[in-house]
Every structure is written in C-alpha cells, then in structure tokens.
Amino acid sequence: MINLPKTQFNTSSESPASVPADWLIVGVWADQPYSGPAGDVLEKLRERGDFGAKPLELVPVLNPIGIAAKRLLFVGLGTRAQAKRAALHDAAAAAARHVTAKKVGTVAFAVPGPEFTLAVGVGLAQGVQGPGIRKSAPTRFAPESLLLVGGNGADMPRVRAESRALWLSRELVNLPPRELYPETFATVAADAGRATGFDVEVWDESRLAAERMGSLLGVAQGSSRPARLAILRYAGAPGKPVLGLVGKGVTFDSGGLSLKPTDGMVDMKCDMAGAAAVLAGVQAIAELKLPVNVVGVLALVENMLSGTAMKLGDVLTARNGKTIEVLNTDAEGRLILADALCFASEQTKFLVDFATLTGACMVALGTETSGLMTNNDGWGDQILAAVSRAGERAWKLPMDSSYDGLIKSKVADMRNTGGGRWAGAIAGGKFLEQFVADAKWVHLDIAGPSFAEGDSATFDAGGTGCMVRAIVEMARGFEGTALV
Ligand code: BES
Ligand code: MN
Ligand code: ZN
C-alpha cells in the first residue's frame, strides 16, 4: 500500500562542473560573489537583469557548455544572512520540483557550503515526491540518485532518515481513506517498527474498552471501521527521561452527526497528519539510533455517522474518569486525544501532541504556521526552539485561566466545544489540558500547515510532512536532558 521513492542519496567531492548528471542545480546567493560552474552564463543573466538570485527564483540552462551535466538550473538563495534551514530547504524543494516533472536519472546539487547539507538534502526529498499516487501516468518522478556536491558526508544518514520519514508521512496523508483506516494505519506502524527497530503495540477495541478509553471509543462507534491505538516505543537511553509524542489519527473526518458540508469534508483524509508525523518522526529517530527514549501514541479512528454514532448531548467518560458532554460530534479530535494523552501522561512527564484540531487555528495563523499551546512555558519554549531549528513554523497562543470558561458544561465536567465563535483553537487546547495530569505538555495544532490544497513553488498539493523534521530536532534537543 505504501509506495516511497527509491532514490539514493550520496555526496561527491568532485567540482560541480565535472559531475555527470541529468541536471546540475546550483544555488546562488543574491549578495555574494559567484565562483561556481558556468560563471560566464550567470554573469550575463545578472547583467541583463534576468536573474537576481532572489529566494526561489529559477533559471534553467538546457544546453550548458563546459560542464559535464546535461542541464543546469540556477536557483536563487536570497541573501547569505537569511540563510536559515527553511530558506535552503525551500530553494532545494523548488528546484527539485522543477527538474522532476519528467523521468530523470541523477540530479546533482552544488551545496553552497557543507553546513547546508541537511537543509538541501531534505529539501530535495521534499520536491521529488508528488501526490499522484493513484495516477496511471505519473506527474512527478523521483530521480534514481540525488548527489550533494560538496556536501558533508557525516550528515547523510540524517538526510536519508529525515527524507524517508518525510515521504512516509506525506504518503500516509495522501492515501485515500478507503485504503488507510485505523486497522491499516496500525499495520503500517507495525511494519515500520519491524523494519526500523522500534517496538509497536496495537490495542483493538476490546482492549480500548478494558483500558477505559470511553472518549476515543465514543468517536469510533459510528464507523464500521474499528478504532486502534498504536503505542510506539524506542529506547535509546535506558534510565533517562522519556519523550512522549501523541498524534491525532482520524483517518477520515466526516464530522459525524454534526456533518460537514462537502467543501469542508473534501480534504478530511488529512485528519491523521498528526499521527503520521509521530510515526514518521519515531521512525527517523530509531533509524538514527538517537540516544533518547521515545513513546509515541497514535489515536486511530474514523469519524462517521450511522445509527450507532454518538449523539449530541451524549456524555462520555474518559480514561481519567472525567466526563465530557458532546455538543458537536465534529470536535472529535480532542475526544480521542483525551484518552491518548491520559495514557501518555502515565508513561512520561514530557508530552507533545500533534493534531489537525481546529479550523479556527487556520483563521488565526494561516496555512503555514502551527498553533502552539502549553501548560508549561519552559517546555513550550524548548519545543518552539526545536520547531524553528528544523525550519518549521509555530506560534504560541495564550492559555491563561481567562479561557477556562470556554469548556464549562452544565451537565458534565466539560463540554467538547467552545460554544461560541471566539478562541476556537484555544478552546481545543484548554480541553486537552484536562487530560495531561501533571505532565509538561505542548499541543501543536497543525490544521493549517499539514495539508496543501494546491501546488505552490515548494510544495506539491497534498500532505506536506509538517513536523517530521521538528520531531527529530525535539528528540535531539531532549538527548540526556534530565529535566525534572
Ligand atoms: N479536523 C477538523 C479540523 C480541521 C479543519 C483540520 C480544516 C484541517 C482543516 C476538526 O475535527 C474539526 O472539525 N474541528 C471543528 C471544531 C469545532 C466543531 C469546535 C472546526 O474547526 O470547525
Ligand atoms: Mn472534526
Ligand atoms: Zn477532525
């Protein structure tokens, strides 16, 4: 079911001009003297104002003279001072998209400095995978080989691991919901664990009932596809603290009886992007054998409507005994995360959850920035720093007690919607906060950045692989930290 690019990644220490390849991509700084291949061509382009090396600017040269590669592509990198991971990642992704619309063997990239190997390598991986997974004539062709000319060989294991993880999470998001549902998702997780070397335990619906996960089961009961909880365990630092990662895995969100209109439902196969990020992130961590302990929890359900579906006014009891009045069956993500977070908080005191939780977060922050909510500012800042080191984006939203009223219920301990129009993303955060006990916890609402409705310069439409790179950074930052 899962089909990932077989592309090989390697470095080369040859000079870019002598590397044989179908395409040689050369990154050009806007504010630095150029000393790379085909300097005379570049000089002319600049003189005539045809290329200013602005971020993501692309100029192909289809018959280059004096270099071994068949074709040349200049890509603008912007100014050197702004060269963070995100800028190089995006430049590489845009260039890779340009050269992979046709079948191609080797794509070489002249890395503008060995310190950019990771950014460029994973950026290229981002650009070579497309969403046309069920097209009989593909529209995107991953090359046989990606060659990082002047790249740092020591970074390559990480380039490979993060690239494969990015591809896995995007493929999972792009899979049609008739193929990816809780049971098949759990099987993918188990396969990944076996292949990479981490432990995967899967709970079925009877185990979930025995474990008192009444809130998660409430959501699942309208679907003919039974729920699953997958628990991923990787131990790279026995005896040290454990990083807990929890993912929302609604393999399709119809809204339930609070049915979504078609426009709001069309992309709801993406509602498992949080679980996909957690699975892919743990896979990368295990592949890299990072010295850290991780427990990943994937809450897997389908939110459907039927004669057995939960109803408005129903009251569910979560694993920690708290009762929840269901006033909107479309606020299902927080219901499944409630039980998953309870369980995770019994495993560790350091939690991060990833969830396509609210449209309100997209209204607040747009489609490229995740909302970050936390019950502990120190932990929140640590996670925020990891996200930005990875070249991803998140922005902190307030969680003080002035928002407590958002989840007050007349009949139960809380209700599952904010009730009104305001602070919808924070209402979700305040709800989840009820289930983390005394753990330090961060909630990342990734509804915006996890799925691209259409193509852009750096992305093909579909799953984006959001937070996969960030999870690797979180794990690296967590190494040996004896936070208590
Ligand atoms: N899965 C959706 C949130 C979503 C919307 C993700 C758009 C990606 C893109 C979530 O389950 C949902 O339906 N949330 C409701 C919450 C409301 C009923 C309180 C929403 O945002 O409208
Ligand atoms: Mn929903
Ligand atoms: Zn949802």
Side-chain angles (χ1 to χ4, degrees), residues 173-174 177 180-182 185 215-216 218-220 222-223 227 246-277 298-305 309-314 324-338 340 353-371 373 397 403 406-409 414-432 443-454 461-464 466-467:
V173 171
N174 288 339
L180 191 79
Y181 44 91
F185 197 135
S215 186
L216 184 147
V219 177
S223 171
V246 178
K248 171 179 174 182
V250 177
T251 55
F252 184 71
D253 182 10
S254 71
L257 288 179
S258 310
L259 190 64
K260 285 181 186 294
T262 300
D263 282 355
M265 206 193 294
V266 273
D267 290 332
M268 278 305 131
K269 67 173 184 180
C270 82
D271 211 17
M272 33 54 71
L298 315 181
L300 305 169
V301 304
E302 204 181 56
N303 187 23
M304 292 295 285
L305 60 171
M310 64 175 175
K311 304 168 183 77
L312 311 196
D314 266 341
I324 304 159
E325 183 186 15
V326 178
L327 292 179
N328 189 325
T329 61
D330 199 10
E332 85 296 340
R334 63 200 73 185
L335 295 175
I336 67 168
L337 288 172
D353 79 66
F354 303 82
T356 46
L357 207 72
T358 66
C361 199
M362 303 170 70
V363 173
L365 299 176
T367 57
E368 289 180 30
T369 303
S370 301
M373 286 146 264
L397 302 176
Y403 296 100
L406 288 172
I407 56 168
K408 286 228 162 75
S409 159
M414 70 199 86
R415 63 182 181 200
N416 78 327
T417 68
R421 294 177 57 193
W422 314 125
I426 299 172
K430 291 306 276 187
F431 181 97
L432 297 179
H443 162 53
L444 284 164
D445 191 331
I446 59 170
S450 61
F451 193 82
E453 254 180 64
T464 62
C466 158
M467 291 301 156

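Every number for a ligand or one of its atoms is a count from 1 in the order of the listing. Because the structure is a prediction, the values reported are computed rather than measured.
- A salt bridge does not link Lys248 with Asp353: none of the charged nitrogens is closer than 4.0 Å to a carboxylate oxygen.
- Of the protein's heavy atoms, Met268 CE, 3.5 Å lies nearest to atom 9 (C) of ligand 1.
- Listed here is the closest heavy atom pair of Leu216 and Ala227: CD2-CB, 3.7 Å.
- Asp253 has its closest N, O or S atom to the Mn ion (ligand 2) at the position named OD2.
- In summary, Asp330 places no N/O/S atom under 2.8 Å from the Zn ion (ligand 3), failing the contact criterion.
- From the protein, the heavy atom lying nearest to atom 18 (C) of ligand 1 is Asn328 ND2, 3.4 Å.
- The distance criterion of under 3.5 Å between nitrogen or oxygen atoms is not met by Gly333 with respect to ligand 1.
- The Zn ion (ligand 3) sits nearest to atom OD2 when only the N, O or S atoms of Asp253 are considered.
- What you find for Ala340 and Val246 is that their closest heavy atoms are CB-CG1, 3.8 Å.
- Distance from atom 16 (C) of ligand 1 to its nearest protein heavy atom, with residue and atom name: Arg334 NH2, 4.0 Å.
- Looking only at N/O/S atoms, Asp271 comes nearest to the Zn ion (ligand 3) through OD2.
- Short contacts between ligand 1 and Glu332, defined as distances under 4.0 Å to a heavy atom of the residue, involve ligand atoms 11 (O).
- Distance from atom 20 (C) of ligand 1 to its nearest protein heavy atom, with residue and atom name: Gly359 N, 3.9 Å.
- With respect to atom 17 (C) of ligand 1, the closest heavy atom belonging to the protein is Ala331 CB, 4.3 Å.
- Around the Mn ion (ligand 2), the angle linking Glu332 (OE1) with Asp330 (OD1) is 120°, rounded to 10 degrees.
- Residues Ile446 and Ser370 have side chains in contact (heavy-atom distance under 4.5 Å, counting atoms from C-beta outward).
- Looking at Asp330 next to ligand 1, an N or O pair under 3.5 Å apart turns up.
- Side-chain atoms of Leu357 and Leu337, non-hydrogen and from C-beta on, do get closer than 4.5 Å to each other.
- Contact annotation: the side chain of Asn303 never approaches that of Ser223 to less than 4.5 Å [non-hydrogen atoms, C-beta and beyond].
- Looking only at side-chain heavy atoms (C-beta outward), Leu335 and Met310 come within less than 4.5 Å of each other.
- Side-chain contact between Glu453 and Val266: absent, with no pair of heavy atoms (C-beta onward) separated by less than 4.5 Å.
- Residues Leu180 and Lys269 have side chains not in contact (no heavy-atom distance under 4.5 Å, counting atoms from C-beta outward).
- Lys311 is not listed as a side-chain neighbour of Val326, based on a closest heavy-atom distance of 4.5 Å or more.
- Protein heavy atoms are found inside the 4.0 Å sphere centred on atom 11 (O) of ligand 1.
- Distance from atom 14 (N) of ligand 1 to its nearest protein heavy atom, with residue and atom name: Leu357 O, 3.3 Å.
- Close approach of ligand 1 to Ala447 is summarised as follows: ligand atoms under 4.0 Å from at least one heavy atom of the residue are 6 (C), 8 (C).
- Minimum heavy-atom separation, Leu259 to Ser254: CD1-O, 3.5 Å.
- For residue Lys248, an N/O/S atom approaches the Zn ion (ligand 3) to within less than 2.8 Å.
- Residue contacts with ligand 1, taken as heavy atom pairs separated by less than 4.0 Å, involve Asp253 solely via side-chain atoms from C-beta onward.
- At a 3.5 angstrom cut-off on N or O pairs, Lys260 counts as close to ligand 1.
- Residue contacts with ligand 1, taken as heavy atom pairs separated by less than 4.0 Å, involve Lys248 solely via side-chain atoms from C-beta onward.
- Counting heavy atoms closer than 4.0 Å to ligand 1, residue Asn416 contributes nothing at all.
- Heavy-atom contacts of Met362 reach the following atoms of ligand 1: 7 (C), 9 (C) (cutoff under 4.0 Å).
- Residue Asp330 is tested with Met265, Lys260, Met268 for a side chain to side chain contact (heavy atoms under 4.5 Å, CB included); the sole match is Lys260.
- The minimum heavy-atom distance linking Asn328 with Asn416 is given by the pair O-ND2, 2.8 Å.
- Taking the Zn ion (ligand 3) as reference, Glu332 places its N/O/S atom OE2 nearest.
- Metal site remark for the Mn ion (ligand 2): Asp271 contributes no N, O or S atom at a distance under 2.8 Å.
- Summarising the geometry of Ala338 relative to Ser215, their closest heavy-atom pair is CB-OG, 4.2 Å, with the distance given to 0.1 Å.
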